[in-house]
Amino acid sequence: MQNSTRVMENVLKWEQPDVVIYTGDDLSVSSGTRKELLKFDTSYPLSLSKFGPDGIHGLTNYYLPLYNNCNAQNPSWILYFLDSGGGTYPELVYDDQIDWFKNVSSEIKHIYGSIPSLTFLHIPSTEYENLYQQSLCFGMDDDDVSPQINPNQLLTVLTAFGNTKAVFVGHDHGNDWCCPFAGGLMVCYGRHTGYGGYGE
């Protein structure tokens, strides 16, 4: 974890971004658990990572409201984060996580009205398979899609709930494409970092 921490501290110092979102594989830990890694992440004073609710699959199911300024009463965007497993955990977004997303997004809409959102997870849903078409998409297509182990219609849910404008995944490091999906949803891979997608 020390190497990953040192690299990210240097990147943050050089780039000075407004926000950084990890979708997986950015940090590795040789010993310990995912819970310990998240506890380490949240120990930093500017970290906005959260432990998700108990009673559903996954550790990092949560949302962050974004505000235009410190005095704003209503959020201008919502960022959703879904734990798609990986490592020693099944690579899957479970039905109870999708139900959590539906419930939270419906509650937010009831309170604030329709607010645009983005969704982030690590492993693409099965709906990513065969989605890339060069004439409709942009970005690099240098890797096969390695989807979650079971279909779950996640993208279809995102178009129906939460006013989601785009979903971003990682996992397949050679890809950084975006493609249109039904309902105006953009389905994307995040940009990978390093000399090569797999540390080459």
If we ignore angles and hydrogens, is there a donor and acceptor under 3.5 Å between the side chains of E127 and T156?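 There is such a pair between these side chains.
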Has the side chain of [X] got a donor or acceptor atom that lies under 3.5 Å from a matching backbone atom of [Y]?
X	Y	value
D96	H57	yes
Q148	V93	yes
N175	Y189	no
Y128	C188	yes
D176	M140	yes
S76	L66	yes

To the nearest 0.5 angstrom, please state how far the [atom1] atom of [X] sits from the [atom2] atom of [Y].
X	Y	atom1	atom2	result
N163	L158	CG	CG	11.5 Å
Q153	T159	CD	OG1	10.0 Å
L136	C178	CG	SG	13.0 Å
C179	D141	SG	CG	8.0 Å
I115	I78	CD1	CD1	5.0 Å
Y112	E107	OH	CD	9.5 Å

Side chains of [X] and [Y]: closer than 4.5 Å at any heavy-atom pair?
X	Y	value
P180	M186	yes
F101	T119	yes
F81	T60	no
Q134	Y132	yes
L154	I98	yes
Y94	I56	no

Looking only at non-hydrogen atoms, find the nearest pair between [X] and [Y] and report the distance.
X	Y	value
S49	Y62	CA-OH, 3.4 Å
T126	N152	OG1-N, 4.4 Å
P75	Y67	N-CE2, 3.4 Å
I149	L92	CG1-CB, 4.1 Å
Q97	G58	NE2-CA, 4.5 Å
A72	N68	CB-N, 4.3 Å

Are more than 12 heavy atoms, taken from residues, nucleotides or ligands other than [X], located less than 6.0 Å from that residue's [atom1] atom?
X	atom1	result
N69	CG	yes
F181	CZ	yes
I111	CD1	yes

Are [X] and [Y] in one and the same hydrophobic cluster, where Ile, Leu, Val, Met, Phe, Trp and Tyr link if side-chain heavy atoms are under 4.5 Å apart?
X	Y	answer
V104	L59	no
L131	V157	yes
L48	F51	no
W177	F138	no
L64	L38	no

May I have the step-by-step check of side-chain contact (heavy atoms from CB on, under 4.5 Å) for S105 and Y80, ending in yes or no? CA-CA 9 Å; S105 61; Y80 291 98; 3.3 Å; yes
Applying salt bridge (charged side-chain N to carboxylate O under 4.0 Å, His left out) as the test, list every pair that has at least one member in residues 83-94; sequence neighbours left out.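 Qualifying pairs, neighbours excluded: R34-D83.
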